[in-house]
Amino acid sequence: MLNKYARAFFTRVLTPFAAFLIRRGVSPDTVTLLGTAGVMAGALVFYPRGEFFWGTIVITLFVFSDLVDGNMARQLGRSSRWGAFLDSTLDRVADGAIFGGFALWYAGGGDNNALCAVSIFCLASGQVVSYTKARGESIGLPVAVNGLVERAERLVISLVAAGLAGLHKFGVPGIQWLLPVALWIVAVGSLVTLIQRVVTVRRESAEADAAAAAQNSGATS
Ligand SMILES: CCCCCCCC/C=C\CCCCCCCC(=O)OC[C@H](COP(=O)(O)O[C@@H]1[C@H](O)[C@H](OP(=O)(O)O)[C@@H](O)[C@H](O)[C@H]1O)OC(=O)CCCCCCC/C=C\CCCCCCCC
Ligand SMILES: Nc1ccn([C@@H]2O[C@H](COP(=O)(O)O)[C@@H](O)[C@H]2O)c(=O)n1
Ligand SMILES: [Mg+2]
Ligand SMILES: [Mg+2]
């Protein structure tokens, strides 16, 4: 949903910045790599210590690089297969660091095994959700569904909640429960999305196999 409705807005907002980086001689791949490194640093330095506010600030500063790199590639007329591969692969790394950071907190100072398990579930299910689309497309299917909770939703729900929950350390009361609620929402939403995508791939592959079989029997008769 965000990918559909918010992308156009962010493209307009970020285009001048992407053009500025191009003029400075920065390449899209550099932005992809530095953006991922920044997200990883924010997630793995701050989240395992329960510093959710500062961790989210750092991650937010870098996560938009994922919209800038593609924007730069398109402005340069240099969108490439390598760029698409690098972008998607490093998305998985960044997501692993974010949900891994939550899991490390709950396994340590946060001392909550259930939420540690929910964080690990968010990490794993998010990776599998993305894999379903990548694998479906690699076997020639359209995978014509994005589902309830895409990557942008997973990130926005988790980061907004983590940033706000982090304000508890600055004395804002009754706000720390936002992160556990967000993690449960992302976990359930990812499961629903996974089911939506698997059902779609199952239907599309049956249709494609039937069409191929009909074509083969037509060719042999
Ligand atoms: C007192 C204040 C405290 C709180 C402060 C901090 C608040 C911080 C809040 C939010 C920041 C959230 C930012 C999240 C931005 C996410 C941007 C992003 O990276 O989107 C990426 C996404 C996907 O791009 P790709 O095509 O490159 O990726 C593909 C995708 O990953 C596929 O995954 P799948 O869906 O299949 O799982 C892969 O399959 C594919 O391989 C991969 O290539 O880009 C978009 O979706 C575009 C839309 C971005 C929309 C961003 C919306 C941000 C909205 C609001 C943020 C502001 C909120 C303000 C909150 C204030 C709180 C008090
Ligand atoms: N280093 C890069 C990064 C991305 N691309 C191209 O952009 C597409 C992704 O666009 P986003 O707006 O989601 O970042 C990707 O599929 C590539 O075509 C690139 O070429 N090099
Ligand atoms: Mg990108
Ligand atoms: Mg990306």
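Both counts, for ligands and for their atoms, begin at 1 and track the order of listing. Side chains are part of it too, since the values below use all heavy atoms of this structure and drop only hydrogens, waters and symmetry mates.
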ask   = Heavy-atom contact under 4.0 Å between R74 and ligand 2?
value =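 In this structure, R74 qualifies as a contact of ligand 2 - some heavy atom is under 4.0 Å.
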request  = Look at ligand 2 and say whether R7 reaches it with a heavy atom at a distance under 4.0 Å.
outcome  =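 The answer is yes: ligand 2 sits under 4.0 Å from a heavy atom of R7.
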query = Judged by modelled atom types alone, do R154 and S190 share a side-chain donor-acceptor pair under 3.5 Å?
reply =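 Note: R154 and S190 side chains miss the donor-acceptor criterion.
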task = Check whether the side chains of K133 and N146 place a donor and an acceptor atom closer than 3.5 Å, and report yes or no.
result =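 Side-chain D/A pair, K133 to N146: present.
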query = About how many Å separate CG of L14 and CZ of F9, when rounded to the nearest 0.5 Å?
reply =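 Here the interatomic distance stands at 8.5 Å.
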request  = Check the angle between the aromatic planes of F17 and F20 and answer parallel, tilted or perpendicular using the 30° and 60° thresholds.
outcome  =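 Parallel, since the angle between the ring planes stays under 30°.
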Taking the minimum heavy-atom distance to [atom], which of [options] ranks first?
{"atom": "atom 11 (P) of ligand 2", "options": "V68, L86, D66, T32", "result": "D66"}
{"atom": "atom 20 (O) of ligand 2", "options": "G70, G35, S80", "result": "S80"}
{"atom": "atom 21 (N) of ligand 2", "options": "A152, A18, G83, A84", "result": "G83"}

query = Ignoring hydrogens and geometry, is there a side-chain-to-backbone donor-acceptor pair from T193 to V149 under 3.5 Å?
reply =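 Looks like yes, one N/O pair under 3.5 Å.
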Residue [X] vicinity, atoms of ligand 2 by number, heavy atom under 4.0 Å:
{"X": "S79", "answer": "18 (O), 20 (O)"}
{"X": "R78", "answer": "20 (O)"}
{"X": "A73", "answer": "5 (N), 19 (C), 20 (O)"}
{"X": "D69", "answer": "3 (C), 14 (O)"}

task = Please say whether more than 12 non-hydrogen atoms of neighbouring residues, nucleotides or ligands are located less than 6.0 Å from CZ in R202.
result =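 No.
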key: F170, CZ atom: more than 12 neighbouring heavy atoms under 6.0 Å   =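 Count over threshold, so yes.
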Which segment of P28 sits under 4.0 Å of ligand 2 when only heavy atoms are counted =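 It is both parts that get close, each with some atom under 4.0 Å.
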task = Quick one: look at D29 and ligand 2, take heavy-atom pairs under 4.0 Å, and tell me if it's side chain, backbone, both or neither.
result =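 Looking at D29 and ligand 2, atoms from backbone and side chain both fall under 4.0 Å.
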ask   = OD1 (D69) to the Mg ion (ligand 3) to OD1 (D66): angle, nearest 10 degrees?
value =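 The angle at the Mg ion (ligand 3) comes to 120°, rounded to the nearest 10°.
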query = Applying the 4.5 Å side-chain criterion to the ILVMFWY set and letting contacts propagate, would V26 and L90 be lumped into a single cluster?
reply =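 The answer is no; the residues belong to distinct hydrophobic clusters.
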task = Validate the cation-pi geometry between R49 and Y47: distance from NZ or CZ to the six-membered ring centre under 6.0 Å, angle to the ring axis within 45°.
result =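 Because its charged atom misses either the 6.0 Å distance or the 45° angle limit, R49 does not stack over Y47.
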query = For the Mg ion (ligand 3), what is the closest N, O or S atom on D87?
reply =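 Minimum-distance N/O/S atom of D87 relative to the Mg ion (ligand 3) is OD2.
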ask   = Considering only N, O or S atoms, which atom of D91 is nearest to the Mg ion (ligand 4)?
value =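 Atom name of the closest N, O or S in D91: OD2.
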